[in-house]
Trainee: 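I am attaching a structure below and will ask some questions about it afterwards.
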Amino acid sequence: MMFGRLTLAAALLAAVPAFADGLPGAPAPFDKGGVKLALVGYISGGDFFEAFQSGAVRQAKALGVDLRIFPGKQDAALEREQIEQAINLNVKGIVIDHGLPESLKDVAQKALDAGIKVVAFDVNLDNPKIPQVEQSDHLLARLALEQAIKDNGSTFKAAYVYVAGFAPLDRRDETWTEFKTKYPGIQEVARFGAVNATTAATVADQAKAVLRAHPEITVVFAPYDEFARGVKLALNELGLTNKVKVYSADVSTADIREITEKGSPWVATVATNPAVVGAVSIRAAVLAVAGQDPGHNIVVEPTLLTQDGLRKAGVATVEELSAKVPAFGHSPAATAAWLSN
Ligand code: SR1
């Protein structure tokens with residue numbers, strides 16, 4: 001595991017009271033409580049998105065923000081509609097979490113035109129007025145693929161799980177493409193993927209068909225934990241867990257259990273703490289609403305987590321990981337003195 005810097009803020013956050021009547025020393029409108037923000041998502045469900053939302057809720061509460069949650073249910077039209085609803089609720093800021101850019105750009109502009117601040121997490125709205133939060137996806141993919149090369153050498157046959165159109169997956173895909181050029185011995189023999197209400201189960205079915213058709217595959221690059229879970233299910237069912245290794249993105253307590261269990265083929269993941277990313281997204285919106293610039297590209301750095309490292313460290317939960325790997329438990333992104341009251 002890699003280790004980074006710790007600030008006191010994360011450790012203190014748990015002890016921070018909710019400022020329902022306003023934050024002491026904060027600029028308007030946060031000097032009074034109950035400022036309304038909205039969090040509008042595209043993907044509902046799955047460990048990453050649940051933890052992202054809980055981090056956002058916790059941060060909002062700590063800042064006295066009245067956060068309205070709109071779950072998108074993997075439905076682009078519904079996500080648009082929910083942004084319209086948030087505009088009609090007179091929220092001061094909206095965090096848009098994932099989605100399909102073409103269905104969101106105009107409605108996001110409508111919110112800006114209404115004087116509402118907008119922050120986007122992992123959806124490229126291509127608008128200089130909209131700060132973009134991301135997890136440094138190129139670095140994330142690079143760390144996972146370097147680990148794959150360390151474990152397997154630079155000549156192997158791989159399957160790749162990918163769905164185009166999601167900003168983080170597209171960025172990770174750019175790195176995968178670069179790696180295949182840099183290491184011509186890496187051969188992608190199959191590509192598949194799905195993002196839906198049952199991603200892991202769908203990917204498991206796809207992976208079973210692919211692995212049966214291509215017994216030469218020894219590595220699967222599955223850069224989303226729901227993808228990795230699906231591939232792992234397929235490997236278990238086909239009895240291939242000792243032949244194929246899985247490299248992924250994201251982590252949750254359930255993922256740690258799956259990675260560290262005896263005989264698991266899931267040997268590495270590269271991840272941020274999604275709750276920290278949720279908190280950063282809320283802080284970015286709060287800064288913007290207060291008229292302070294959170295920056296345009298707000299990056300939360302990921303950490304490489306290997307099966308070996310997790311086992312040796314005896315880490316079983318995301319909370320333990322946050323305690324042992326300071327960079328995982330806190331991000332210095334989108335902070336200001338008045339936010340850490
Ligand atoms: C379908 S996009 C899934 C990814 O979004 C977040 O960036 C998570 O890291 C997840 O891998």
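Both counts, for ligands and for their atoms, begin at 1 and track the order of listing. Note: hydrogens, waters and symmetry copies are ignored here, and every other heavy atom, side chains too, is used. For clarity, every value in this text was computed on a predicted model and none was experimentally measured.
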Trainee: Is K208 salt-bridged to D205, going by a charged N under 4.0 Å from an acidic O?
Mentor: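 Salt bridge between K208 and D205, a charged N being under 4.0 Å from a carboxylate O: yes.
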
Trainee: Note every protein N or O atom lying under 3.5 Å from an N or O atom of ligand 1, pairing the names and giving the distance.
Mentor:
{"residue": "ligand 1", "atom": "5 (O)", "partner": "H98", "partner atom": "NE2", "Å": "2.7"}
{"residue": "ligand 1", "atom": "7 (O)", "partner": "D122", "partner atom": "OD2", "Å": "2.4"}
{"residue": "ligand 1", "atom": "7 (O)", "partner": "Q135", "partner atom": "NE2", "Å": "2.8"}
{"residue": "ligand 1", "atom": "7 (O)", "partner": "R172", "partner atom": "NH2", "Å": "3.3"}
{"residue": "ligand 1", "atom": "9 (O)", "partner": "Q135", "partner atom": "NE2", "Å": "2.9"}
{"residue": "ligand 1", "atom": "9 (O)", "partner": "R172", "partner atom": "NH2", "Å": "2.9"}
{"residue": "ligand 1", "atom": "9 (O)", "partner": "D250", "partner atom": "OD1", "Å": "2.5"}
{"residue": "ligand 1", "atom": "11 (O)", "partner": "R172", "partner atom": "NH1", "Å": "2.8"}
{"residue": "ligand 1", "atom": "11 (O)", "partner": "D250", "partner atom": "OD1", "Å": "3.3"}
{"residue": "ligand 1", "atom": "11 (O)", "partner": "D250", "partner atom": "OD2", "Å": "2.6"}

Trainee: Provide the closest heavy-atom pair for P302 versus V270 in the form atom of the first, atom of the second, distance.
Mentor: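 For P302 and V270, the tightest heavy-atom pair comes out as CB-CG1, 3.8 Å.
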
Trainee: Can you label the angle between the H98 ring and the F121 ring as parallel, tilted or perpendicular, going by 30° and 60°?
Mentor: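 Judged by the thresholds at 30° and 60°, the geometry between H98 and F121 is perpendicular.
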
Trainee: Could you walk me through whether E178 and K182 satisfy the salt bridge (charged side-chain N to carboxylate O under 4.0 Å, His left out) test, starting with their C-alpha distance in whole Å, then the side-chain angles of each, then the deciding distance to 0.1 Å, before giving a yes or no?
Mentor: CA-CA 6 Å; E178 273 168 29; K182 187 168 168 197; over 6 Å; no

Trainee: Does K110 have any side chain to side chain donor-acceptor pair (under 3.5 Å) partners at least two apart in sequence or in another chain, and if so, which?
Mentor: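 Counting only residues at least two positions away or on another chain, K110 forms a side chain to side chain donor-acceptor pair (under 3.5 Å) with E84.
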
Trainee: Which word best sums up how the rings of Y224 and F227 line up, parallel for under 30°, tilted for 30 to 60°, or perpendicular for over 60°?
Mentor: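 Perpendicular.
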
